[in-house]
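Remarks on the structure that follows.
We count ligands from 1, going down the list as the structure has it; atoms in each ligand are counted the same way.
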Amino acid sequence: MNVLVIDVGGTHVKLMASSAEQPRKFASGDGFTPQQLVAGILATAAGWQYDVASLGIPSPVLRGAVMAEPWNLGRGWVGFDFAAALGVPVRIINDAAMQALGSYEGGRMLFLGLGSGLGTTLVDDGRVVALELAHLPFHDSTFEDICGQRGLLALGEDDWRAAVLDAAERLRAAVAAEYVMLGGGNVRLFGELPPQLRRGHNDRAFEGGFRLWADEPPVPAGWSPVLAHATLWREPSDVPSLVSLFDAPDRAAAFTLRLGDLVIDYSKNLVTTETMTRLAELVRATGVERLRDRMFAGDAINSTEGRAVLHTALRNRSPRAVRVDGRDVMPDVLAALDHLRRFSTDVRAGTWTGYTGARIADVVNIGIGGSDLGPAMATAALAPYAAEGPRLHFVSNVDGAHIAQTLQGLDPRTTLFVVASKTFTTQETMTNAQTARAWFLEHAKDEAHIARHFAAVSTSEAEVRRFGIAPENMFVFWDWVGGRYSLWSSIGLPVALAVGYERFAEMLDGAFEMDEHFRTAPIAENIPMVLGMLGVWYASALEFDTHAVLPYEQLLHRFPAYLQQLDMESNGKRVDRQGAPVAVATGPIVWGEPGTNGQHAFYQLLHQGTRVVPCDFLVGLESPYPLGDHHRLLLANCFAQTEALMRGKTEDEVRTELTAQGLTGDALEPLVPHKVFPGSRPSTTIVYRKLDARTLGMLLAMYEHKVFTMGAIWGVNSFDQWGVELGKQLAKRIDADLVADAPASAHDGSTNQLINLAREGRLPR
Ligand code: F6P
């Protein structure tokens, strides 16, 4: 991170930057204003690179703010917004404190700045504590009058040195410092110093400015303008209310994007045009477009696994070739889709039957993570289009209750199992698949019947064979499809079985339309990019930790769970693609529930809690189930919540309301704070015509590319998931300990205890 240090003095302003070789300076003086300072800095530091700045000011500074006008300069310093004026984050410190920090050699140090006055600062364990000891009485005068320039002139050098040594020892004892660092211009008048005194140097002020940022993780390239702008939104008093932003009459239209049947209204977000401009710059500076083009081109952008990332090829509805290692993968993609089409059509038509010749009535998908969440969510979302298709069931949890309950009431003669696993080694899936196999054989007896009742979706033919599923019942995909991006591949088989291949293909069409938009639209009109920009704005710049996704339609009840994997497995990363720590907060915690259910559960916190939770509201204008007043009420609730979060309710409004209810005085006032809503809580509303397959495809691809955009801005690899591995490794070890001869002793106390409780099979009485 490049730091610009600004040391403001009574006659000159001195500048230094980490990227510069020599300091520079320009004149200050009586009447010097912060506006003149900023103009001088911009002119004098021209050509220097800096991401942040340290500003040393000859005034008391408290928590980074100037508390009084400097006695030797002009006015206007208190409350001046240096970060906004300089366009980078600025840390302000008292000038003597900056010099003290630069001279600091550890422990508890008292710094005395021997200049025209007397600067005093304590640095304890690296923490700077500004002091104002100079005006305390000393002999018949004050410390400053004796140790400062006036004392030197009045006493002469010898007596002045003796007085300073006396003063230094008294002040050291008073603040219990381990040593005193003498700084300031007049320190040159000392020869050898007694043991508890050390000699500082004037130019250590620059070092202090650099040290102010030393503990900070570096600001990644391109972030400074966004972080500087964010400081404007942090102080509650400076932040414009969301409602007031609508004083710009065209805000709603200006902050709305459309594509096909999708309308994305992001006008109720904590952003201005300036914010969006800076975020668009960040997208450019971090190379999002370049990485996007490399993804579509089949480059191995999943660097830690050496793989291309080509879920977009699975829904490529154009005649364009997509090459991996020089080979066009589209013929394989189309062949796999055709396999899916033929099989799903036959099963739905009843021409593919079970071993007794009976039609398949139930399909059980056994998979977990990306091999479960996508198909389960999409099957539920498109349920109105299932017509005469088989009933779909999804088993994922290794808890036996999941498969046991699912199998209850199913008939093995009419049940088809789809074992879905990219690797075909996932413990939960393999355990559930073995249980399903045993259940089936218990009834069917003959292993030859497995071929009519078990299909596999995987990238590993060897593992599928080992399990005993015939290769002709295997649906393929490839290692360049990530698990959480695999719905568009053969992993989507349950969707095609549930609603028909045509609907599945419409979903691919919708996703393709979004892909084309993402590939070609300019940043400011690019829906996934704009959503990604808002995402990093909240997660990294304003540091809101969570993001709520609130689909209002019940059919999307698995959508938040699906999005959790997509977002958190992709961007829950703390190092960048080069392995260096990411300097800003990355992937937010994504959570949510269908809308009106959430209203009666956690919306209290959204409206009146201490945390700000940016929300996505999703709703269709038409219902697939037009029924009485239901859908109108659903829409009213959805829109009302976005308005309520934004508007809030003021104290005055609460008082008026309570007065109208007949309350006064002591009955009214105590209620007021409880009924106030702060408002200005951000949300994006995503409206579509109707939840059909094409729209669903668009929505899912939109979120995929939003997650891509955020990951690309942060520079993380959004396509690996090493964070899930440790638990898997330890579970294997613990599983062995659970059946070992001796009680567990190789783990920590807690884990040993838990394992041994489980070995005993019951809680001790
Ligand atoms: O949980 C980790 C993970 O690897 C996910 O990324 C993946 O979707 C899931 O496990 C299932 O993996 P597979 O499809 O190989 O069984």
Side-chain angles (χ1 to χ4, degrees), residues 301-311 314 336 340 364-379 394-399 402-403 417-437 454-469 474-495 558-573 587 589-590 700 703-704 707-708 711 716-732 735:
I301 64 166
N302 176 356
S303 48
T304 61
E305 297 181 305
R307 292 176 183 167
V309 174
L310 273 180
H311 44 283
L314 302 169
L340 199 82
V364 181
N365 187 81
I366 299 176
I368 197 162
S371 303
D372 166 70
L373 289 164
M377 174 276 298
T379 302
F394 290 85
V395 173
S396 50
N397 197 333
V398 75
D399 179 359
H402 202 178
I403 187 141
F417 293 96
V418 175
V419 184
S421 173
K422 181 174 171 183
T423 53
F424 231 70
T425 55
T426 303
Q427 185 193 60
E428 295 90 332
T429 301
M430 292 304 113
T431 306
N432 279 321
Q434 292 294 357
T435 300
R437 190 175 190 273
F454 279 80
V457 183
S458 183
T459 58
S460 173
E461 192 180 324
E463 294 292 342
V464 170
R465 268 182 203 279
R466 194 167 305 144
F467 184 85
I469 295 179
M474 175 177 169
F475 295 83
V476 294
F477 63 117
W478 307 273
D479 69 0
W480 41 262
V481 182
R484 53 194 173 276
Y485 299 88
S486 61
L487 170 65
W488 323 96
S489 72
S490 301
I491 287 288
L493 176 61
V495 184
R558 293 297 285 156
F559 193 67
Y562 159 82
L563 216 53
Q564 281 179 328
Q565 188 198 13
L566 176 66
D567 202 320
M568 292 159 81
E569 202 168 68
S570 296
N571 287 338
K573 311 280 165 70
I589 298 156
V590 175
L700 302 184
Y703 274 107
E704 284 180 349
V707 168
F708 174 94
V716 301
N717 179 357
S718 300
F719 301 101
D720 60 11
Q721 56 285 317
W722 300 106
V724 300
E725 293 303 321
L726 178 59
K728 287 185 194 173
Q729 280 169 6
L730 295 185
K732 279 196 191 131
D735 187 38

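Centroid-to-centroid, the aromatic rings of Tyr703 and Phe559 come within less than 6.0 Å.
A donor-acceptor pair under 3.5 Å is formed between the side chain of Asn717 and the backbone N or O of Phe719. Side chain of Asp567 to backbone of Gly572: no donor-acceptor contact under 3.5 angstrom is found. A donor-acceptor pair under 3.5 Å is absent between the side-chain atoms of Thr379 and the main chain of Ala376, judged by distance alone. Under the 3.5 Å distance criterion, the side-chain polar atoms of Asn432 are left unmatched by any main-chain donor or acceptor of Ile403.
If you check the side chains of Ser718 and Asn571, you find a donor sitting under 3.5 Å from an acceptor.
Contact residues for ligand 1 (protein heavy atom closer than 4.0 angstrom to any ligand atom): Ile368, Gly369, Gly370, Ser371, Ser421, Lys422, Thr423, Thr426, Gly483, Gln565, Glu569, Gln721, Val724, Lys728.
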